Structure formats: C-alpha cells, structure tokens
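Because the structure is a prediction, the values reported are computed rather than measured.
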Amino acid sequence: VQLQASGGGLVQAGGSLRLSCAASGRTFSSYAMGWFRQAPGKEREFVAAISWSGSSTDYADSVKGRFTISRDNAENTVYLQMNTLKPEDTAVYYCAARRTYGSSASGYNYWGQGTQVTVSS
C-alpha cells in the first residue's frame, strides 16, 4: 500500500483544515488507517484511527471533539477533518495503514510522506 497525504497548510487558530490520504492498491478496504503527527523536537504521536469498515474510530484525548476521521473505500481515501485548530496542533501529519485496528504506531506497516499543518495564534 502506498499512501499520499495532502491538505496541510497555514491556518489561524480556531480555523479548520481537512487532510486527505490517498492510497494505492486494490486492498485499501482491508486496512485499518490512522493519522499521527510529529511536532518539532517531539515524538510522533497518535491522533486518530479508523477500522477497515469505518464502524470503529478512536482519538487522542487532545483532539476529541475537534477532529473527525473518516474513509471512503470506493475512493481509496481516508480523511481527517480538523476543526477549532490550536497552535499546539502544529505538526507534520502522517497517515498510516495496518492490517488490524489499533492506535499503536508500531503496528502500522505503511506510512505516507507527511503534510505540514501550521496553526498561527
């Protein structure tokens, strides 16, 4: 599975962005997907995950109620809708794929290249 993330940019605090992650291959619908982020000088951290069917989702506490993960298996794409953005959301955001649903980065086998999100105060 090859992943291509897009949609990042510069936004003011309180604003919104929607990230997209396009996947290649016919087996996208069999993979659970996740979003992670890494801020300068910090470890990569979990943001959100979604099961292969989309019926299960999970979020980091820091983004609950503000971010929504979704997927369109017909379009081989997973999305991250980010609302009420805060300066501390500034990071490079990565999408990733794994065979089983989960939030641990170690379980993800495939990673996209990352897209920069910058939130100004």
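- Contact detail for Thr68 and Tyr59: the closest heavy-atom pair is CA-OH, 3.4 Å.
- By the 4.5 Å heavy-atom criterion applied to side chains, Leu85 and Phe67 are counted as neighbours.
- Of all non-hydrogen atoms in Ala48 and Leu80, the two that sit nearest each other are CB-CD1, 4.2 Å.
- In terms of modelled atom types and a separation under 3.5 Å, the side chain of Tyr93 and the main chain of Gly7 share no donor-acceptor contact.
- Note on residues 38-51: pairs passing side-chain hydrogen bond (donor to acceptor under 3.5 Å, both in side chains), not counting sequence neighbours, are Arg37-Glu45.
- For the atom pair CG (Leu3) and OH (Tyr94), the distance works out to 13.0 Å, reported to the nearest 0.5 Å.
- Residues satisfying the side-chain hydrogen bond (donor to acceptor under 3.5 Å, both in side chains) criterion with Ser30, sequence neighbours excluded, are Arg99.
- Considering only residues two or more places apart in sequence or on other chains, Glu88 meets the side-chain hydrogen bond (donor to acceptor under 3.5 Å, both in side chains) condition with none of them.
- Closest approach of Ser20 and Thr77 over heavy atoms only: CB-CG2, 4.3 Å.
- Placement of Trp52 and Val78 in two distinct hydrophobic clusters is found when ILVMFWY residues are connected by side-chain heavy-atom separations under 4.5 Å, directly or transitively.
- Counting heavy-atom neighbours within 6.0 Å of Gln2 CD, excluding the residue itself, gives a total of 12 or less.
- Nearest heavy-atom pair, Arg66 versus Thr84, reported as atom, atom and distance to 0.1 Å: NH1-O, 2.9 Å.
- Shortest non-hydrogen contact noted between Gln81 and Ser16 is NE2-CB, 4.0 Å.
- Scanning both residues, Gly102 and Ala49, for their nearest heavy atoms gives O-CB, 3.6 Å.
- Linking Ile, Leu, Val, Met, Phe, Trp and Tyr whenever their side-chain heavy atoms come within less than 4.5 Å puts Val63 and Val11 in one cluster.
- The list of ring-ring contact (aromatic ring centres under 6.0 Å, His included) pairs with a residue in residues 1-44, not counting sequence neighbours, reads Tyr31-Tyr110, Phe36-Phe46, Phe36-Tyr108, Phe36-Trp111.
- A salt bridge is absent between Lys86 and Asp89: the closest approach of a Lys/Arg side-chain nitrogen to an acidic carboxylate oxygen does not fall below 4.0 angstrom.
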* Worked check of side chain to side chain contact (heavy atoms under 4.5 Å, CB included) between Met82 and Val117 -> CA-CA 10 Å; Met82 306 186 294; Val117 172; 3.8 Å; yes
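- In terms of hydrophobic clustering, with Ile, Leu, Val, Met, Phe, Trp and Tyr side chains grouped at heavy-atom distances under 4.5 Å, Val119 and Val47 are assigned to a common cluster.
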* Report the C-alpha distance between Leu10 and Gln116 in whole Å, list the side-chain angles of each, state the deciding distance to 0.1 Å, and finish with yes or no for side chain to side chain contact (heavy atoms under 4.5 Å, CB included). => CA-CA 8 Å; Leu10 173 64; Gln116 176 71 46; over 6 Å; no
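- Residues Leu19 and Ile50 share a hydrophobic cluster, clusters being chains of Ile/Leu/Val/Met/Phe/Trp/Tyr side chains in contact below 4.5 Å.
- Evaluation of the side-chain hydrogen bond (donor to acceptor under 3.5 Å, both in side chains) rule for Thr57 yields no partner, not counting sequence neighbours.
- Counting only residues at least two apart or on different chains, the disulfide (SG to SG under 2.5 Å) pairs with a member in residues 54-121 are Cys21-Cys95.
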